[in-house]
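Report on the structure given below.
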Amino acid sequence: MLPKKLHKKLENRNANNAFRQLSADSSLVDFSSNDYLGFSKSEVIFDKAHQYVVDNNLKQNGATGSRLLSGNTDLYIKVEADISTINNSEAALVFNSGYDANVGLLSSVPQRGDVIFYDEFAHASIRDGINISNAKNYKFKHNDLDHLEEKCQVERSKNQSETELYVVTESVFSMDGDSPDILRLTQICTTYNAHLIIDEAHALGVFGNGLVQMHHLEDVVFARIITFGKGLGCHGATILGAQNLKDYLINFSRPFIYTTALPPHSLATIATAYQELVTQSDSKESQIKKLEKNISFFLSEYKRLHLHDRFIKSSSAIHCCVISGNDNVKSVAQKLKNKGFNVKPILSPTVPKNKERLRFCLHSYNSKEEISEVLSLLATFVK
Ligand SMILES: Cc1ncc(COP(=O)(O)O)c(C=O)c1O
C-alpha cells in the first residue's frame, strides 16, 4: 500500500492537471526531443562506434565497477583527452549523465561559508546539487545580470575574504531557450572574484562547441558542464575545467565515485559523435547548417503568423509559446498531437504558474512543411 501522504500528493497532481505519465509517441513529427542534429539515429555514428569497439578488442557489455575500482579504461583516458582538446579545456572528467555532473560538481565544490548565486530558472540537477551543498545559496532573477551584480556587491562588501563566491547559470535555458549575456557574466565574475559555472547542455552542437568557446571565454570560466544526451544524441556528460578541479572531483564528488562507470560502447559512441560534430562543423551541407536554417525559418514563420508576441525570444533550438494554465496548454498540445505533431506542454510546477508553455524543440531533420504546418495549426488553436 502506498503511504497516505504519498497518495495525497498524487491526488493533488491529478487535481492540478499536472499528473505525469510515461508515453511513447514514436509515430509523431518530432518537435519534442533533444536530438537537435539527429545524431541519435545516425547510422554512421552507430557503425563507427561499433567498429571501434570491435577493432580495439573492447567487446564488453559493462564496465565492471566504478572508475576508481575496476571501471576505468584506456578508452576513458583517450575520450577525456580528446574532449578537452576539442573544447579547449585543460581537463575533462566524464560523468554518467548531466544530472550526475551537476549534482557531483555543486554538492562537492562550494564549501560551508561559501555563497552560490544561481539563476532562478536553473535546471533541477543544478538546484539539487546546490541543495546538498553546505554553502549558502541565493537565486537571482532570470538572466538579470544587474540583479546578480547587486548580490555580488552586497556579499563582497561584507569583507569576508575567506568566502568563495560561485555563480551558476546555463548558456541556453532548457525551459526558455534563451541565453544570458555571457561576456558581461564573465566580467561580473572577474570584478567580484566569483567562480563562474555554466551548463552548456543545450548549446553543444547548436552553437558550435558551446557559447563559452564561441566567445573565447574558456579561461575565465571555472567549470563548464557539457551533456552528451542532447546535441550529440547519445548519453553521459563532462565537466570541463582545470586539472586540479578534475583531481578534486575524482576525490570528493560522490556521484562520480560511487557508481558503475560507463560501458566501452557508450564511450565509443561519445567519441564518435564528437568526431562527427567536428567533421560537420567544416561542412556546408551538415546537420548543423540544416538546424540553423530551420531555426531561422521557424522565426520567420511565427512572425508571418503574428505569433511572435507569444514566444519567448530565443535564437537556440528551443522555442516556447506561453499559454497560461495547465489545462489550456495541455489542450493545445493534445490538439497538435491529434494532427500528428509531438510538441510538449511544460506545466507548472516545472515552470511558474501562468507561465505554462508549449516547448518546440527544433531539429536538423524537421522539414519546412512540418514547421509551417505546426505553426499554422498553433495560430488557429490560440486565437
Ligand atoms: C540544462 C540541463 N542540464 C543538465 C541536464 C541533465 O542532463 P542529462 O539528461 O544528461 O542527465 C539537462 C537535461 O534535461 C538540462 O536540460
Side-chain angles (χ1 to χ4, degrees), residues 20 22 30 32-37 39-40 79 83 87 92-107 109 116 118-132 139 142-143 166-180 182 185 196-207 209-212 221 223-241 249 253-256 259-263 266-267 269-270 273-274 277 312 314 316-320 344-347 349-351 357 359-363:
R20 292 174 168 134
L22 297 172
D30 180 10
S32 144
S33 80
N34 297 131
D35 189 19
Y36 304 123
L37 300 171
F39 278 16
S40 83
V79 167
I83 289 175
N87 287 107
L93 183 66
V94 169
F95 280 71
N96 288 4
S97 72
Y99 186 91
D100 284 357
N102 275 329
V103 172
L105 179 74
L106 290 158
S107 61
V109 168
I116 307 169
Y118 66 99
D119 189 288
E120 62 177 334
F121 290 177
H123 190 260
S125 53
I126 293 175
R127 285 183 281 127
D128 288 357
I130 290 173
N131 285 338
I132 298 172
K139 317 181 211 194
H142 179 54
N143 281 345
Y166 292 88
V167 171
V168 191
T169 191
E170 297 174 27
S171 61
V172 174
F173 276 83
S174 59
M175 289 298 150
D176 290 60
D178 56 356
S179 302
I182 303 237
L185 199 53
L196 179 56
I197 296 174
I198 301 197
D199 182 331
E200 298 250 41
H202 296 277
L204 181 71
V206 179
F207 297 114
N209 292 330
L211 280 168
V212 170
V221 174
R224 284 176 274 164
I225 297 91
I226 303 251
T227 68
F228 309 139
K230 304 179 195 303
L232 280 196
C234 41
H235 191 78
T238 186
I239 294 178
L240 304 172
L249 293 168
S253 176
R254 297 169 71 85
F256 174 85
T259 192
T260 302
L262 292 173
S266 279
L267 290 166
T269 307
I270 293 164
Y274 244 117
L277 191 66
I312 297 169
S314 154
S316 72
I318 298 169
H319 291 266
C320 290
K344 284 286 179 286
I346 310 292
L347 310 177
T350 301
V351 289
R357 66 206 52 183
R359 184 170 71 154
F360 292 82
C361 292
L362 306 181
H363 310 97

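Residues take their numbers from the sequence shown, with the count starting at 1. Note that this is a predicted model, so its numbers are computed, not measured. First listed ligand is number 1; within each ligand, the first listed atom is number 1.
- The two residues Asn143 and Phe173 have their closest heavy-atom pair at OD1-CE1, 3.4 Å.
- For Asp119, there are no salt bridge (charged side-chain N to carboxylate O under 4.0 Å, His left out) partners at least two apart in sequence or on another chain.
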In a simple table, one pair per line, please give the protein and ligand 1 atom names for every N or O pair closer than 3.5 Å, along with the distance.
from: ligand 1; atom 1: 3 (N); to: Asp199; atom 2: OD2; distance (Å): 2.6
from: ligand 1; atom 1: 10 (O); to: Gly98; atom 2: N; distance (Å): 2.7
from: ligand 1; atom 1: 11 (O); to: Gly98; atom 2: N; distance (Å): 3.2
from: ligand 1; atom 1: 11 (O); to: Tyr99; atom 2: N; distance (Å): 2.9
from: ligand 1; atom 1: 14 (O); to: His123; atom 2: NE2; distance (Å): 3.1
from: ligand 1; atom 1: 14 (O); to: Lys230; atom 2: NZ; distance (Å): 3.1
from: ligand 1; atom 1: 16 (O); to: His202; atom 2: NE2; distance (Å): 2.6

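- Distance CG/Asp178 to NE2/His142: 3.5 Å, rounded to 0.5 Å.
- In this model, no donor atom of one side chain and acceptor atom of the other lie less than 3.5 Å apart for Ser266 and His235.
- Evaluation of the ring-ring contact (aromatic ring centres under 6.0 Å, His included) rule for His123 yields no partner, not counting sequence neighbours.
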Contacts under 3.5 angstrom, residues 223-231 side chains, donor-acceptor by atom type, not counting sequence neighbours:
from: Arg224; atom 1: NH1; to: Asn87; atom 2: O; distance (Å): 3.1
from: Arg224; atom 1: NH2; to: Asn87; atom 2: O; distance (Å): 2.9
from: Arg224; atom 1: NH2; to: Asn88; atom 2: O; distance (Å): 3.4

